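Below: one structure, written as structure tokens.
Since the structure is predicted, the reported quantities are computational estimates derived from the model, not experimental observations. Below, chain A is the first sequence line, B the second, and so on; all start at residue 1.
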There are 2 protein chains.
Amino acid sequence: MSPRHNDARQRVVAATAEMLARHGLNATSIREMAKRADAPLGSTYHHFPGGKQQVVVEAVKFAGAQVRARLEHHLQAGAKAGLAGFLSMWRDVLLRSDFRLGCPVMAVAVEEPIDAVAEEALAAAAAVFADWEGLLANALTNEGHEPESAAKLATLIVASVEGAIVLCRAQRSIAPFDKVAERIEWAAGL
Amino acid sequence: MSPRHNDARQRVVAATAEMLARHGLNATSIREMAKRADAPLGSTYHHFPGGKQQVVVEAVKFAGAQVRARLEHHLQAGAKAGLAGFLSMWRDVLLRSDFRLGCPVMAVAVEEPIDAVAEEALAAAAAVFADWEGLLANALTNEGHEPESAAKLATLIVASVEGAIVLCRAQRSIAPFDKVAERIEWAAGL
DNA sequence: CACTTTCTATGACAGTTGTTATAGAAAAGA
DNA sequence: TCTTTTCTATAACAACTGTCATAGAAAGTG
């Protein structure tokens with residue numbers, strides 16, 4: 001049987017996602033992951049034979065799926081509501097963490113290990129971004145946008161939200177996000 | 001006298017900026033910095049008594065000033081040309097590094113150290129972002145935009161470029177950047 | 001020349017990193 | 001019950017981290 005439903009295992013994945021979002025890939029150590037998840041360190045390599053790579057990949061996919069679920073939910077009320085939901089989602093992450101939490105997917109995309117390249121983790125991040133873009137683009141197309149125009153707008157949305165997160169964390173203020181959000185919603189209204 | 005013009009010192013700062021852009025803050029070690037700069041490791045704490053913090057702060061300011069100089073140059077031909085220059089600048093960084101180099105300023109903004117918070121480095125990053133935004137906003141205002149509208153647009157530009165860099169690195173493709181650039185230039189044309 | 005300032009080489013420190021091996025506990029199936 | 005699978009504790013490894021102290025070289029100044 002595939003691994004039985006194990007709480008500790010899932011807690012490690014979730015804790016890793018949060019560590020990635022806050023401290024980045026290289027500051028996310030297996031020992032800290034386990035500690036923050038209240039999980040036994042001794043069993044880390046039992047649940048994740050692939051080591052840190054595997055945990056990180058699963059954390060990225062986990063975070064991606066979580067965002068996707070909420071985005072899909074908001075999109076049921078239309079593209080405009082979906083965009084608003086996507087924006088307020090990330091806005092809340094910033095505000096609730098006092099601008100200390102960012103995006104775990106971004107974390108693995110901007111930190112290439114010294115010795116090698118984490119191809120698998122990078123591919124997972126790319127897939128997550130593409131997933132979000134696809135959802136948004138699809139909704140915009142259904143709303144009357146030209147398919148290619150919708151795709152470009154969806155990419156702009158994801159990119160500017162990710163960038164806004166960076167600006168807000170640097171500045172410890174929500175102002176950049178709100179400025180970007182207003183301009184984006186205006187652009188999507190066309 | 002303030003420190004005499006020292007090649008090795010400046011090379012360390014430049015090498016650090018590149019390491020930040022590629023590997024991130026936590027993977028940027030003093031030993032590697034010195035090695036890549038062909039600088040003596042033994043004198044690192046002589047030139048930078050503040051340790052890694054100081055080197056990182058100087059690297060962020062250095063990268064920020066470099067971008068500023070080029071942006072200012074392009075802006076002499078107007079806001080539209082300045083924007084185009086800013087975009088092609090980052091586009092070249094991505095292409096020339098095969099999508100392995102990002103933005104060193106972003107790196108320090110998204111990696112909070114485990115034990116403490118690098119307030120000084122974060123403040124330097126915030127200042128650099130604000131500097132770029134200010135330059136763009138000012139040029140847009142001179143071109144007829146309302147000041148607050150110009151400020152919002154400038155923030156959107158910086159945010160979406162930073163975000164596009166992330167998407168391109170994840171996807172190892174220039175496509176996200178070009179999509180974002182097209183939409184941004186269109187939005188700025190209004 | 002001597003003298004002072006600037007710079008560099010070397011080694012050490014305490015701590016952390018990813019990973020593995022070994023041994024044993026807990027749980028599940030018969 | 002016995003047996004097998006699943007999980008965990010502990011220790012160790014080599015390599016790396018930021019930082020510091022000590023010693024000496026190099027360079028500039030008188």
Close N/O contacts between protein and nucleotides 14-17 of chain C (under 3.5 Å):
residue, atom, partner, partner atom, Å
C:dT17, OP1, A:Ser29, OG, 2.9

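- By the salt bridge (Lys or Arg N to Asp or Glu O under 4.0 Å) test, B:Glu148 pairs with no residue at all, sequence neighbours left out.
- The distance between atom CZ of B:Phe48 and atom P of D:dC20, rounded to the nearest whole Å, is 16 Å.
- The hydrophobic cluster containing B:Met19 also includes A:Ile114, B:Val12, B:Val13, B:Ile30, B:Met33, B:Leu41, B:Tyr45, B:Phe48, B:Val55, B:Phe62, under a criterion of side-chain heavy atoms closer than 4.5 Å among ILVMFWY residues, counted directly or through chains of members.
- B:Glu72 is linked by a salt bridge (Lys or Arg N to Asp or Glu O under 4.0 Å) to B:Arg68, counting only residues two or more places apart in sequence or in another chain.
- Here A:Val117 sits alone; no ILVMFWY side chain lies under 4.5 Å from its own, so it joins no hydrophobic cluster.
- Listed by first and then second residue, the side chain to side chain donor-acceptor pair (under 3.5 Å) pairs that reach into residues 14-23 of chain B are B:His23-B:Arg36, sequence neighbours excluded.
- Annotation: side chain to side chain donor-acceptor pair (under 3.5 Å) contacts of B:Gln54 (sequence neighbours excluded): B:Glu58.
- Atom-to-atom, NE2 of B:His46 to C1' of C:dT8 comes out at 9 Å; the value is rounded to the nearest Å.
- Taking A:Pro104 as the reference, A:Leu20, A:Ala21, A:Ala63 meet the side-chain contact (heavy atoms from CB on, under 4.5 Å) condition, with sequence neighbours excluded.
- DNA chain D contains the following stems of three or more consecutive Watson-Crick or G-U pairs, with both distances under 3.5 Å: C:1-7 with D:24-30, C:9-13 with D:18-22, C:15-22 with D:9-16, C:24-29 with D:2-7.
- Residues meeting the ring-ring contact (aromatic ring centres under 6.0 Å, His included) test with A:Phe177, sequence neighbours left out: none.
- For the pair B:Glu119 and A:Arg172, the minimum side-chain heavy-atom distance is below 4.5 Å.
- If you measure from atom CD of B:Gln53 to atom P of D:dT17, you get 18 Å, rounded to the nearest angstrom.
- OP1 or OP2 of C:dT6 has not a single side-chain nitrogen or oxygen of B:His47 nearer than 4.0 Å.
- Residues of residues 33-44 of chain B that place a heavy atom closer than 4.0 Å to DNA chain C, in numerical order, are B:Pro40, B:Gly42, B:Ser43.
- With rounding to whole Å, B:His23 atom NE2 is found 11 Å from D:dT17 atom P.
- Listed by chain and number, the residues in a side-chain contact (heavy atoms from CB on, under 4.5 Å) with A:Ala8 are A:Asn6, A:Arg11, A:Ala39, A:Pro40 (sequence neighbours excluded).
- For the pair B:Tyr45 and D:dC20, the criterion of a side-chain N or O lying under 4.0 Å from OP1 or OP2 is not met.
- Minimum heavy-atom separation, A:Gly24 to A:Thr28: O-OG1, 2.6 Å.
- The interatomic distance linking A:Asp7 (CG) with D:dT6 (P) rounds to 18 Å, in whole Å.
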